Amino acid sequence: MLLRHTPKEIKERKVLSVNPAKTCQPIGAMYAGLGIHGCLPHSHGSQGCCAYHRSALTRHYREPIMAATSSFTEGASVFGGQANLLQALLTIFTTYKPDVVAVHTTCLSETIGDDVNQIVKKAYKDGTIPEGKYVVHTSTPSYVGSHVTGFSNMVKSMALQLAEKTGKSNGKVNIVPGFVEPSDMAEMKRIAAMLGIESILFPDTSGILNGPMTGKFNMYPKGGVSIEELKSIGDSIGSIGLGAWASADPVRAIDSQFKVPCQVQDLPIGLLATDRFVDALRTAAGVSVPDTINQERGQLLDVISDMQPHLYGKKVAIAGDPDQVIALTEFLVTIGMKPVHIVTGTPGKAFTKRIKEVTARFGDEINVKSPSDLFHLHQLIKNEPVDLLICNTYGKYIARDEDIPFVRHGFPILDRVGHSYFPTVGYKGGLHFLEKILGALMDRTDRDAPEERFELVE
Ligand code: SF4
C-alpha cells in the first residue's frame, strides 16, 4: 500500500497541500510557446524551473523540448535580471536562430518585479532582436493559478503582441484550443476543415510534439501556427475559445482589441460539447454541417447505446484541469455514468458551479472541490468507493491501493503513450475515449469473473 498513510477521516486543511492536482504557470506558457512555428520558449528566472519544465514536457510527449533560460544567479536576484535577459536574447538569436522567442517569467523574477516589457523594448531598440525576428513575453507568476493560467497568459500575449488589424477580412475563424494534446489540436482543425472553414488555430503543437522520427534532429519541426497567421488573427471573422480557464481571456482580449466577435465554449469532449463546438463553428462562418460530421456523431451515439449495460450507473472519480474535468464530467453523465468525486487543483469559483450544472440530475450526491488535491480525492474514494478513476499518471497510486480500474487522462501522462497521437475531442475523440473507458471496465469484469461467468461475448 503505497498510500497507506492516507486516512479515511477527512479533516479540513487550510495550508497543507498533498499530492497536488496542478503544477505552476511557466510550464503552461512553455507549452503554448512551443505551438508557434520556429519559436524557442524562454524562462526568465533561475535555471532550475526551466530544467524541470522541459523534463516534465519531455516525459509526457517523449520528444525533445527546447527552451532557454535567463539563468539567474544570486546577484540577478538582488539587482534584477535585465542583463541576463539581454545577454540571453543575443545568444539565442546568434546560436539557435529561432524566428520568435516566447519569454515567460518564474516566481523569482515576478517577486523581484523585473519589468520584462521594458527589457524587451530595450532589446528591440538596441538591435539585440534581429530585423524580422520577434520576442513575445508574458507574466506567469507561479503563485497565481496553475499551469493552465500560464498557458492562457502566453496565448493572450502572443495574440496581442503579434496581431495587426488591416481592416480587410481574411475570412478565417480563430480557434484557441485550450491546454490539450497535439492530437486534439489536429482534430479541431480537421473538424473545421470538414465544415469547409479556414481556421487559425493557436497555439498549435500538432506536428511539433507528435512529429515523426526522420533520423535528423530538427530544432524547429514542421507545424505550429506561423507568425503570418498570428499577425492576421485581428482580421478574422470570429474567434472560438475552447475551455474557459485556458482560452476565455485570449479570445476576449482579441475581441476587445480588434473587434473580432468571440464565443467561449467547453472543450469539445463528448457528444454535447462537440455539438456545441460544431455549432459555434457553423454560426461563426455561416456554413452548414456536412453529412460526414453527422456520420461521425451517429457512430459515437451508436456505441454509447450498444454499450449501455457496461456504462449505466457506474461511479467515477475524476481529477484534472478544470476545462478537461468539466467536459469529461458532462460526457460521463451523457453516457449514463455517475461521476461522484470531482476535484481540480486549479482555483476558480466557476468550476463548482459548472460541475453542479452538468451533474444536476444527481443533486447533492456529488462531491466537488476546487482547488483540491489527490490526497483529498483518495479520502473521498475511501469513504465512497468508485468503479473507475480518471486522472493523470499520479492517479495510479490511488488506483493500485484501492484496486480501481484506471483511465489515464490529462497532463502529465508519464507511463503510457497514445495521448499525443489519438484525440479525445470531437466525435472521433469521444469514441476513442469511450473505448478506453470500456476497455478498463471490461478488463476488470473479466479479471474478477468466476470461471462459470467468464463470458466470450460481452
Ligand atoms: S514554483 Fe516557482 S520555483 Fe518552482 S518551478 Fe514553478 S516557477 Fe520555478
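Start at 1 and go down the list; that is how both ligands and their atoms are numbered. FYI, side chains are in, hydrogens and waters are out, and symmetry mates aren't considered; it's all heavy atoms of this structure. Since the structure is predicted, the reported quantities are computational estimates derived from the model, not experimental observations.
Looking only at protein N/O/S atoms, the ones less than 2.8 Å from atom 6 (Fe) of ligand 1 make 1 in total.
Between the side chains of N153 and H104, no donor N or O sits under 3.5 Å from an acceptor N or O. Defined by atom type and a distance below 3.5 Å, a donor-acceptor pair is missing between the side-chain atoms of S183 and H419.
Proximity of atom 5 (S) of ligand 1 to the protein is indicated by at least one non-hydrogen atom lying closer than 4.0 angstrom.
Using cut-offs of 30° and 60° for the angle between ring planes, the W245 and F351 rings count as perpendicular.
Taking the six-membered ring for Trp, F433 and H409 have ring centres closer than 6.0 Å.
The pair K231-E228 fails the salt-bridge criterion, with no side-chain N (NZ, NE, NH1 or NH2) lying under 4.0 Å from an Asp/Glu carboxylate O.
Remark: F375 pairs with no residue by the ring-ring contact (aromatic ring centres under 6.0 Å, His included) rule, at least two apart or across chains.
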